[in-house]
Amino acid sequence: MPKKKPVRRRKKVSARSVGLGAHETADVQDAPTRALAAQIVEDGGAALAIYREPFGGTPAVLAALPIERVEPTPYQRDPSEPHVKRLMNVIETLGRFLDPIIAVNVGEEYWTPNGRHRLESMVRLGAKSVTALVLPDPEIQYKILALNIEKAHNLREKSLEVIRMYRAMAPADGKVLESACALEFEEPAFATLGVCYEKNGRFGGGAYQSILKRVDGWLEQPLKDALKVREARAEKIEKLDARVTEVVKSLQAKGFKSPYLKAFVVARVNPLRFMKTVPPYDEALDDILKRAGKFNVENVKQEDIVATGGAVAEGD
């Protein structure tokens, strides 16, 4: 059974008692950050200011970067065309770009983990440069889900970003445990569903979240080894989805037209919601697959489906 997240109770703090005072933010003695500022200038950019951010005192460089040197991290979701167009209209209307992206230096480029839509808008508007908070810590590129402020992710986008980061991080260091990457990956189910979405962009992962939230916990294994487990777990979800799809088609052939057919079938074959103690992942999924295989559409009544009409899975 997955470990429950510990409840974090925020301690009360006195007003104006945390972080740096305004004048302290300008006091930067950090050699790597000054070297980063010099590198930005060498790359054709401008280091506008070096400072320490006021909460944790972490050094950063406010810079203007040549736009051709800036790319989104390769793990990110695809850009939303409507969102890019809205941002372009706002920037043009205001005549200003006021929200710097976050970036890290990677070779001869600068990667942004949270500014894809703003960057794409500026590129299409023909901008020569873009302002960025350039951080000396390259690991920030894996904090996409925590950093993103532009547009809420749906389940598909979160899952794909997680599995892309997962595959990039797995070969880098064989000692990092999956459980140590909870901030980067947010939920274990995203990694499992990400494998499914890689194979099928239209996969309906929302239907299986209720199952995964109960049995899919963090793995105490190095990422490289845990990735194989994730792929095996995804394979069972794909098998379940194939069977559920067959049942839904049979119900539709019998005249059932509810938009909740898939949720209904999954709920019928999922006993986990009635269990106080759930079995391990493989045992649970094997049982659910067995139940799905025995699903008899002849026993389904319209009122049964209507009763599940209020249960809507998270949108994909």
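We number each residue from 1, following the sequence as shown. Computed from a predicted model, the values in this text were never measured in an experiment.
- Leu119 and Leu62 end up in different hydrophobic clusters when Ile, Leu, Val, Met, Phe, Trp and Tyr side chains are linked at under 4.5 Å.
- Side-chain contact between Pro66 and Tyr110 is absent, with no heavy-atom pair separated by less than 4.5 Å.
- In this structure the side chain of Leu87 reaches within 4.5 angstrom of the side chain of Arg118, judged on heavy atoms.
- At distances below 3.5 Å, at least one donor-acceptor pair connects side-chain atoms of Glu53 with backbone N or O atoms of Phe55.
- Among residues two or more places apart in sequence or in another chain, the ring pair (Phe, Tyr, Trp, His ring centres under 6.0 Å) test is passed with Tyr166 by Phe185.
- Looking at heavy atoms from C-beta onward, Leu289 lies out of side-chain contact with Val269 at the 4.5 angstrom threshold.
- Using modelled atom types, no side-chain atom of Asp282 and backbone atom of Ala284 make a donor-acceptor pair closer than 3.5 Å.
- Heavy-atom contacts from other residues, nucleotides or ligands closer than 6.0 Å to CD of Glu81 number more than 12.
- If you chain together hydrophobic residues whose side chains sit under 4.5 Å apart, Trp218 and Ile163 fall into the same group.
- With contacts defined as side-chain heavy-atom distances shorter than 4.5 Å, the pair Pro280/Val215 does not qualify.
- By the 4.0 Å N-to-carboxylate-O rule, Glu178 lies close enough to Arg230 to be salt-bridged with it.
- No side-chain donor-acceptor contact under 3.5 Å links Asp43 to the backbone of Gly45.
- Contact annotation: the side chain of Gln209 approaches that of Phe190 to within less than 4.5 Å [non-hydrogen atoms, C-beta and beyond].
- Judged purely by distance below 3.5 Å, without hydrogens or angles, the side chains of Thr25 and Arg52 never pair a donor atom with an acceptor atom.
- Applying the side-chain hydrogen bond (donor to acceptor under 3.5 Å, both in side chains) test to Arg243 and every residue at least two apart in sequence or in another chain returns Glu246.
- Salt-bridge formation is not detected for the pair Glu235/Lys199: no Lys NZ or Arg NE/NH1/NH2 atom is positioned less than 4.0 Å from an Asp or Glu carboxylate oxygen.
- Considering only heavy atoms from C-beta on, Arg291 stays 4.5 Å or farther from Arg268 through its side chain.
- Taking a 6.0 Å sphere around CZ of Arg273, one finds it holds more than 12 heavy atoms contributed by other residues, nucleotides or ligands.
- Remark: the backbone N or O of Asn154 is paired with a side-chain donor or acceptor of Glu157 at under 3.5 angstrom.
- The main-chain N or O of Ile102 is found under 3.5 Å from a side-chain atom of Asn114 such that the two form a donor-acceptor pair.
- If you chain together hydrophobic residues whose side chains sit under 4.5 Å apart, Val229 and Val195 never meet in one group.
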Please set out all donor-acceptor pairs under 3.5 angstrom arising from side-chain atoms of residues 30-38, sequence neighbours excluded.
{"unit_1": "Asp30", "atom_1": "OD2", "unit_2": "Thr33", "atom_2": "N", "d": "2.9"}
{"unit_1": "Asp30", "atom_1": "OD2", "unit_2": "Thr33", "atom_2": "OG1", "d": "2.3"}
{"unit_1": "Arg34", "atom_1": "NE", "unit_2": "Val28", "atom_2": "O", "d": "3.3"}
{"unit_1": "Arg34", "atom_1": "NH2", "unit_2": "Val28", "atom_2": "O", "d": "2.8"}

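- Tracing side-chain contacts under 4.5 Å through hydrophobic residues (I, L, V, M, F, W, Y), one reaches Phe97 starting from Leu125; they form part of the same cluster.
- Using a 4.5 Å cut-off on side-chain heavy atoms (C-beta onward), Val130 and Thr112 make no contact.
- Atom OG1 of Thr192 is separated from atom CD of Glu238 by 10.5 Å, given to the nearest 0.5 angstrom.
- Taken together through direct or relayed side-chain contacts under 4.5 Å among Ile, Leu, Val, Met, Phe, Trp and Tyr, Tyr281 and Leu219 form parts of separate hydrophobic clusters.
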Q | From CA spacing to verdict: salt bridge (charged side-chain N to carboxylate O under 4.0 Å, His left out), Glu42, Arg69 | A | CA-CA 12 Å; Glu42 187 177 326; Arg69 283 187 179 264; over 6 Å; no

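- For the pair Arg164 and Glu198, the salt-bridge criterion is not met [side-chain N within less than 4.0 Å of a carboxylate O].
- Rounding to the nearest 0.5 Å places CG of Leu261 at 8.0 Å from CZ of Phe256.
- To the nearest 0.5 Å, atom CZ of residue Arg214 and atom OG1 of residue Thr277 are 8.5 Å apart.
- Put simply, the side chain of Pro279 reaches to within 4.5 Å of the side chain of Leu272, judged on heavy atoms.
- Ion pair Arg124/Glu120 flagged as a salt bridge, since at least one NZ, NE, NH1 or NH2 atom sits closer than 4.0 Å to an Asp/Glu carboxylate oxygen.
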